[in-house]
Amino acid sequence: LIGLFGGVWVFLKWRYTAYVITSGEIYEKRGIISQNIDHFRIERIQNTTCDQSIIERLLSFGDIVIYTAGSGKQDMILDNVPNPKQVDRTLAVQYDEMKKDKQKSRATE
């Protein structure tokens with residue numbers, strides 16, 4: 001019974017957590033009854049890593065760990081993301097696009 005409850009809790013936690021990547025920010029929305037939203041700007045990203053166990057690799061999901069500038073620790077973990085390597089590439093593309101846009105705006109000033 002305890003194992004069943006634990007499994008249901010993990011499923012609900014996974015089901016009611018969403019990650020949104022926009023051109024400038026990353027949002028983590030979580031909550032079943034109430035909702036909490038965390039976000040930070042992509043320009044602050046210093047490094048990302050993709051963590052997958054063997055089972056996670058077989059099932060094509062994993063965690064993305066995001067480190068931001070000015071801190072030596074992880075700042076956000078995107079848990080149990082489907083296709084984590086693709087998400088990691090998407091973050092890299094968004095970061096590169098943001099840097100290009102900044103350089104263009106500085107060149108026109």
Side-chain angles (χ1 to χ4, degrees):
L1 187 62
I2 293 173
L4 179 63
F5 178 73
V8 168
W9 177 253
V10 168
F11 173 76
L12 288 174
K13 183 178 173 186
W14 172 78
R15 175 66 178 95
Y16 289 98
T17 300
Y19 302 107
V20 178
I21 301 171
T22 68
S23 60
E25 294 185 322
I26 301 171
Y27 294 87
E28 176 186 33
K29 300 177 183 181
R30 65 189 178 296
I32 296 171
I33 297 171
S34 63
Q35 190 174 58
N36 298 321
I37 301 173
D38 292 329
H39 67 93
F40 66 91
R41 294 182 178 200
I42 288 178
E43 67 188 17
R44 291 188 57 220
I45 292 176
Q46 192 72 30
N47 192 19
T48 62
T49 60
C50 177
D51 293 333
Q52 289 180 291
S53 68
I54 292 173
I55 294 173
E56 289 173 334
R57 285 183 68 195
L58 291 172
L59 298 175
S60 188
F61 71 94
D63 301 335
I64 304 292
V65 182
I66 300 171
Y67 300 86
T68 59
S71 72
K73 63 178 184 69
Q74 62 198 26
D75 290 299
M76 182 180 272
I77 299 175
L78 310 180
D79 289 317
N80 301 320
V81 175
N83 302 314
K85 291 178 184 176
Q86 181 180 353
V87 172
D88 195 35
R89 282 191 296 270
T90 299
L91 286 171
V93 166
Q94 293 295 69
Y95 180 78
D96 290 342
E97 289 295 321
M98 183 268 318
K99 282 181 70 174
K100 286 178 188 176
D101 290 344
K102 270 190 160 181
Q103 289 174 350
K104 285 180 185 177
S105 67
R106 286 183 184 157
T108 59
E109 290 178 355

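All residue numbers in this chain count up from 1 along the given sequence.
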S.K.: Just checking Gln86: does its CD atom have more than 12 heavy atoms from other residues, nucleotides or ligands closer to it than 6.0 angstrom?
M.R.: no
S.K.: Can you tell me how far apart CG (Leu78) and CG (Asp63) are? Round to the nearest 0.5 Å.
M.R.: 8.5 Å
S.K.: How close do Ile37 and Lys29 get, counting heavy atoms only, and between which atoms?
M.R.: CG1-CG, 3.9 Å
S.K.: Answer yes or no: is there a side-chain heavy-atom contact under 4.5 Å between Ser23 and Met98?
M.R.: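 No, their side chains stay 4.5 Å or more apart.
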S.K.: Sequence neighbours left out, what passes side-chain hydrogen bond (donor to acceptor under 3.5 Å, both in side chains) with Asp38? Give chain and number order.
M.R.: Arg30
S.K.: Taking only residues two or more places apart in sequence, or in another chain, which ones meet Ser53 in a side chain to side chain contact (heavy atoms under 4.5 Å, CB included)?
M.R.: Ile55, Glu56
S.K.: Working to the nearest 0.5 angstrom, can you tell me the gap between Glu43 CD and Glu25 CD?
M.R.: 9.0 Å
S.K.: For Gln94 and Ile42, work out which heavy atoms get closest and say how close.
M.R.: CB-CD1, 3.7 Å
S.K.: Excluding sequence neighbours, so at least two apart, what forms side-chain hydrogen bond (donor to acceptor under 3.5 Å, both in side chains) with Gln52?
M.R.: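 Expected list: none.
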S.K.: Among Thr90, Asp88, Thr49, whose side-chain contact (heavy atoms from CB on, under 4.5 Å) with Ile64 holds?
M.R.: Asp88
S.K.: Which heavy atom in Tyr19 sits nearest to a heavy atom in Ile77, and how many Å separate them?
M.R.: OH-O, 3.9 Å
S.K.: Is there a path of hydrophobic side-chain contacts, each under 4.5 Å between heavy atoms, that joins Val81 and Phe40?
M.R.: yes
S.K.: Measuring from Ile66:CD1 to Ile45:CD1, what's the distance to the nearest 0.5 Å?
M.R.: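 If I round to the nearest 0.5 Å, the distance is 5.0 Å.
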S.K.: With a 4.5 Å limit on heavy-atom distance, are the side chains of Thr17 and Asn80 in contact?
M.R.: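 The answer is no, as the side chains (C-beta and beyond) never meet within the 4.5 Å cut-off.
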S.K.: Considering all heavy atoms of both residues, which atom of Ser60 and which atom of Pro84 are nearest to each other, and what is their separation?
M.R.: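 So the minimum-distance heavy-atom pair works out to O-CD, 4.1 Å.
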S.K.: Which distance, rounded to the nearest 0.5 Å, do you find between the OH of Tyr95 and the CG of Asn47?
M.R.: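 Rounded to the nearest 0.5 Å, the OH-CG separation comes to 10.5 Å.
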S.K.: Is Leu58 atom CG crowded by more than 12 heavy atoms from other residues, nucleotides or ligands, each under 6.0 Å away?
M.R.: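 Correct, the count exceeds 12.
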